[in-house]
Amino acid sequence: FILVTISAGLAFDVGQHLKRMNALFEGLSATTYPNRTLEIHKAEDRISAELTRSRRYHHPLSLLIVELEKNRPARNREVLDGLQKDLLQRFAAARVGQIIGEGARETDLILRDRTGRFILLCPETNYEHSAVFGERIRKAVAESMDAQVIWSSASFPDEALTFEELIERAEQRLTQTESSVEVSDPAELQAG
């Protein structure tokens, strides 16, 4: 019984230390690359307000999903173990958020979901203009970080009427983009 109690106490202590480290890493990456990204669950009121405004005034609104490509191996790097990989991903995500913020308009809402993807809500933007913005982000990340992002978009009211439907439609396109990237990878074509 004493060993179980000690083990439970140690496990709790380890959990608390991991929680503090997580907060420290988040703060460190946010201060290194400051950006105006909001967590999606904290911005529900702003999302709802933008959709309501677009409905009321019959204005276009686009949703853009931007995600760091994870499938490609990092150049000139050995395989990173857990902590190094986690730190690198956090700093890369913070830097991508900063790049997006620099290219976004003040009215664009930059969100981040629990998986680490960026979701941009762009008022007064139709599908074609969101595609131009997505390409601009992709090029800026490639030039600035030597990294690749994939993106997709959906527009209101042409393709979806709710925020969830916009995300679903953009995710469908993102899946199609990922599969076309996999097929067009030269290493895959040579191996096949």
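As a basis for the values below, the full set of heavy atoms in this structure was taken, side chains included, without hydrogen atoms, waters or symmetry mates.
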### Message
Heavy-atom count check: over 12 atoms from other residues, nucleotides or ligands less than 6.0 Å from H59 NE2?
### Response
yes
### Message
Once side chain to side chain contact (heavy atoms under 4.5 Å, CB included) is applied, do any residues pair with Q89, and if so which ones, sequence neighbours excluded?
### Response
K85
### Message
Suppose we screen for salt bridge (Lys or Arg N to Asp or Glu O under 4.0 Å). Which residues come up paired with E44, at least two apart in sequence or across chains?
### Response
none
### Message
According to salt bridge (Lys or Arg N to Asp or Glu O under 4.0 Å), who are the partners of D158, at least two apart in sequence or on a separate chain?
### Response
none
### Task
Please identify each residue that fulfils salt bridge (Lys or Arg N to Asp or Glu O under 4.0 Å) with E124, with sequence neighbours left out.
R53
### Query
In chain order, what residues pass the side chain to side chain contact (heavy atoms under 4.5 Å, CB included) check against I2, with sequence neighbours excluded?
I6
### Task
List, by chain and number, the other hydrophobic cluster members for L120, where Ile, Leu, Val, Met, Phe, Trp and Tyr join if side-chain heavy atoms come within less than 4.5 Å, directly or indirectly.
L64, V66, L68, V96, I99, I100, I110, F118, F133, I137, V141, M145, V149, W151
### Query
Can you name the closest pair of heavy atoms from I65 and I167 and give their distance?
CD1-O, 4.1 Å
### Task
Return each pair, listed once, that meets side chain to side chain donor-acceptor pair (under 3.5 Å) where at least one residue sits in residues 108-117; pairs must be two or more places apart or across chains.
R105-D108, D113-T115, D113-R117, R117-E171
#### Entry: salt bridge (charged side-chain N to carboxylate O under 4.0 Å, His left out): pairs with one or both residues in residues 159-170, sequence neighbours excluded
E159-R169, E159-R173
### Message
Under the rule for salt bridge (Lys or Arg N to Asp or Glu O under 4.0 Å), what residues qualify as partners of R138, not counting sequence neighbours?
### Response
E135
#### Entry: Y127: hydrophobic cluster co-members (side-chain, 4.5 Å)
none
### Contacts of E102 that satisfy side chain to side chain contact (heavy atoms under 4.5 Å, CB included) - sequence neighbours left out
R95, Q98
### Summary
Residues at least two apart in sequence or cross-chain that pass side chain to side chain contact (heavy atoms under 4.5 Å, CB included) with S7, listed by chain then number, are none
